[in-house]
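For reference, the structure is listed below as structure tokens.
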Amino acid sequence: MIKSHVEALKKGFAQLEELNREKLANAIQEAEKVNLENCVEDDALTAFKTALDNAKAANPQTNEEIDTLVNALLDAQAGLHFKEEEDLASVQQRDSISHALDVLKNLDLKLYSDEDQKLIQDAISEGEKALANDKLSNEEASAVIETLAKALAVEPKEEEHTNENLATSQQKDSIRSALDILKDIDLDLYASKDQELIKDAIAAGEKALENDKLTNQEADDIIATLAKALSVTPKEDEKPDTENPGTNPSENPGNDPDKENSQTNSSNTVTVNPTDSSKSNGNTKTGVHSFVGLFVALATTAAATAGTVTVLKNKKIRIRRKGKK
């Protein structure tokens, strides 16, 4: 009889030692990993919390009790209702935010007003925070995308010009060529008003060449100004030879070849071919010899000056005859 009781006790202790408590511990550990913030607040969530609390507080004496606790916990976890995926930002929304950030971060903020710079920087900051938020909702993502879209819609400052609107190299070369001629002109040979016209044209041309943002239209206007300055002619204050017969009494007026020329030509002046500087009798400061070369260059640039070029190419320039004092 005693022997049978001893055997029963041994068997009972053996069963206690073989309790699968690790099974219950593992079930509790997995249940605690569930992110309850993503769960819908309902009866299922309440039941899960109760089952988890019971499993933690239990002190099962048999494997059957352990199985009951584990099964109750697993069933409660399976019954949880998670928030719908549409409540969270979609992959497409996150991609849109990421793309907008790439564009905004590559903008040259110097081209924008101070107000727009702040708008862009704030949008970038908001977008970065949104991407770092794993719980970003669909509604929050939509608001961030709207903010980024506003930042992307701002335009550079009006005074900034694109490369398509800037003056061409040909226009700048024409301005330089005109300046070279105007600076070489002897202003003493021109009337006061023409001197001022030439000086103003030179100043305008130099200022234009210093402007890195000179536009195509501005260059056209400068070229027209320079062309106008180049169209002026020297003063005609010399008297014709026939009005000063006493200047060379030894000459026979009847046989004076110059006199004959004056009878042939209504004006006693020399007409100089703008393409032949050798006929200027050494008066290289008039700039006449360079007119045609300049206006050929001008003709390749602004259409606005085409009419002026045509007129000036056909204009005959008169200068005083050398030796007639």
Side-chain angles (χ1 to χ4, degrees), residues 1-106 119-152:
M1 185 71 177
I2 296 176
K3 184 177 181 180
S4 60
H5 284 295
V6 171
E7 291 296 329
L9 288 172
K10 287 182 178 180
K11 185 177 180 180
F13 282 120
Q15 288 178 341
L16 289 174
E17 291 175 358
E18 293 174 0
L19 286 177
N20 193 359
R21 295 181 180 278
E22 185 178 353
K23 181 178 181 179
L24 179 59
N26 289 337
I28 293 173
Q29 184 177 7
E30 290 300 319
E32 289 178 332
K33 291 181 180 178
V34 176
N35 187 355
L36 300 183
E37 292 182 4
N38 288 336
C39 296
V40 177
E41 297 284 346
D42 57 7
D43 293 341
L45 179 59
T46 301
F48 172 76
K49 291 179 178 179
T50 300
L52 181 58
D53 290 339
N54 290 339
K56 290 180 177 180
N59 183 24
Q61 300 301 312
T62 65
N63 285 327
E64 184 178 356
E65 293 178 13
I66 291 175
D67 289 340
T68 300
L69 291 169
V70 170
N71 290 335
L73 187 56
L74 293 176
D75 289 342
Q77 184 172 339
L80 290 173
H81 299 109
F82 293 90
K83 293 178 181 179
E84 297 292 336
E85 287 189 4
E86 55 263 26
D87 289 339
L88 297 177
S90 66
V91 174
Q92 291 78 8
Q93 285 177 310
R94 288 183 173 273
D95 287 345
S96 295
I97 293 174
S98 179
H99 176 71
L101 286 177
D102 288 341
V103 175
L104 291 175
K105 288 179 179 179
N106 284 311
L119 176 66
I120 293 171
Q121 291 171 335
D122 289 346
I124 290 174
S125 177
E126 190 170 337
E128 290 177 336
K129 289 179 180 178
L131 290 183
N133 182 10
D134 294 335
K135 301 173 184 176
L136 182 70
S137 69
N138 184 293
E139 185 177 353
E140 291 171 337
S142 296
V144 171
I145 291 174
E146 184 177 351
T147 298
L148 293 170
K150 289 181 180 178
L152 288 169

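Note: hydrogens, waters and symmetry copies are ignored here, and every other heavy atom, side chains too, is used.
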Side-chain donor or acceptor of Thr68 paired with backbone N/O of Glu64 under 3.5 Å: yes
Who pairs with Leu73 by side chain to side chain contact (heavy atoms under 4.5 Å, CB included), at least two apart in sequence or on another chain? Ala27, Ile28, Ala31, Phe48, Ala51, Leu52, Ala55
Between Val144 and Gly127, which heavy-atom pair has the shortest distance, and what is it? CG1-CA, 3.9 Å
Roughly how far, to the nearest 0.5 Å, is the OG atom of Ser96 from the CD1 atom of Ile145? 4.5 Å
Tell me if a side-chain donor or acceptor on Asp95 pairs with a main-chain N or O of Ser98 at a distance below 3.5 Å. no
Ignoring hydrogens and angles, tell me if any N or O in the side chain of Asn20 forms a donor-acceptor pair with the backbone of Asn63 under 3.5 Å. no
Sequence neighbours left out, what passes salt bridge (Lys or Arg N to Asp or Glu O under 4.0 Å) with Glu30? Give chain and number order. Lys33
Just jot down the salt bridge (Lys or Arg N to Asp or Glu O under 4.0 Å) partners of Lys56, sequence neighbours excluded, or say none. Glu32
Hey, mind stepping through Lys129 and Asn133 against side-chain contact (heavy atoms from CB on, under 4.5 Å) and telling me if it holds? CA-CA 6 Å; Lys129 289 179 180 178; Asn133 182 10; over 6 Å; no
Side chains of Asp67 and Lys23: does their closest heavy-atom pair fall under 4.5 Å? yes
With Asn54, which residues qualify under side chain to side chain donor-acceptor pair (under 3.5 Å), at least two apart? none
side-chain contact (heavy atoms from CB on, under 4.5 Å) between Leu148 and Leu101, worked out: CA-CA 8 Å; Leu148 293 170; Leu101 286 177; 4.1 Å; yes
Mark yes or no for whether Glu140, through its side chain, and Leu136, through its backbone, hold a donor-acceptor pair below 3.5 Å. no
Listed partners of Lys150 passing salt bridge (Lys or Arg N to Asp or Glu O under 4.0 Å), at least two apart: none
Tell me the closest heavy-atom pair linking Ala130 and Arg94, and the distance in Å. O-NH1, 3.8 Å
With no hydrogens and no angle check, is any side-chain donor or acceptor of Arg21 less than 3.5 Å from a backbone partner on Ile66? no
Counting only heavy atoms not in Asp43, do more than 12 fall under 6.0 Å of its CG? no
To the nearest 0.5 Å, tell me how far Gln93 CD sits from Asn138 CG. 4.0 Å
Check Ala123 against Ala151 and note the closest heavy-atom contact, atom names and distance. CB-CB, 3.6 Å
When rounded to the nearest 0.5 Å, the distance separating CG of Leu36 from CG of Leu80 is 7.5 Å
Using the test salt bridge (Lys or Arg N to Asp or Glu O under 4.0 Å), find all partners of Glu146 that sit at least two apart in sequence or belong to another chain. none
Any chance you could measure Ile97, atom CD1, to Thr147, atom OG1, to the nearest 0.5 Å? 9.5 Å
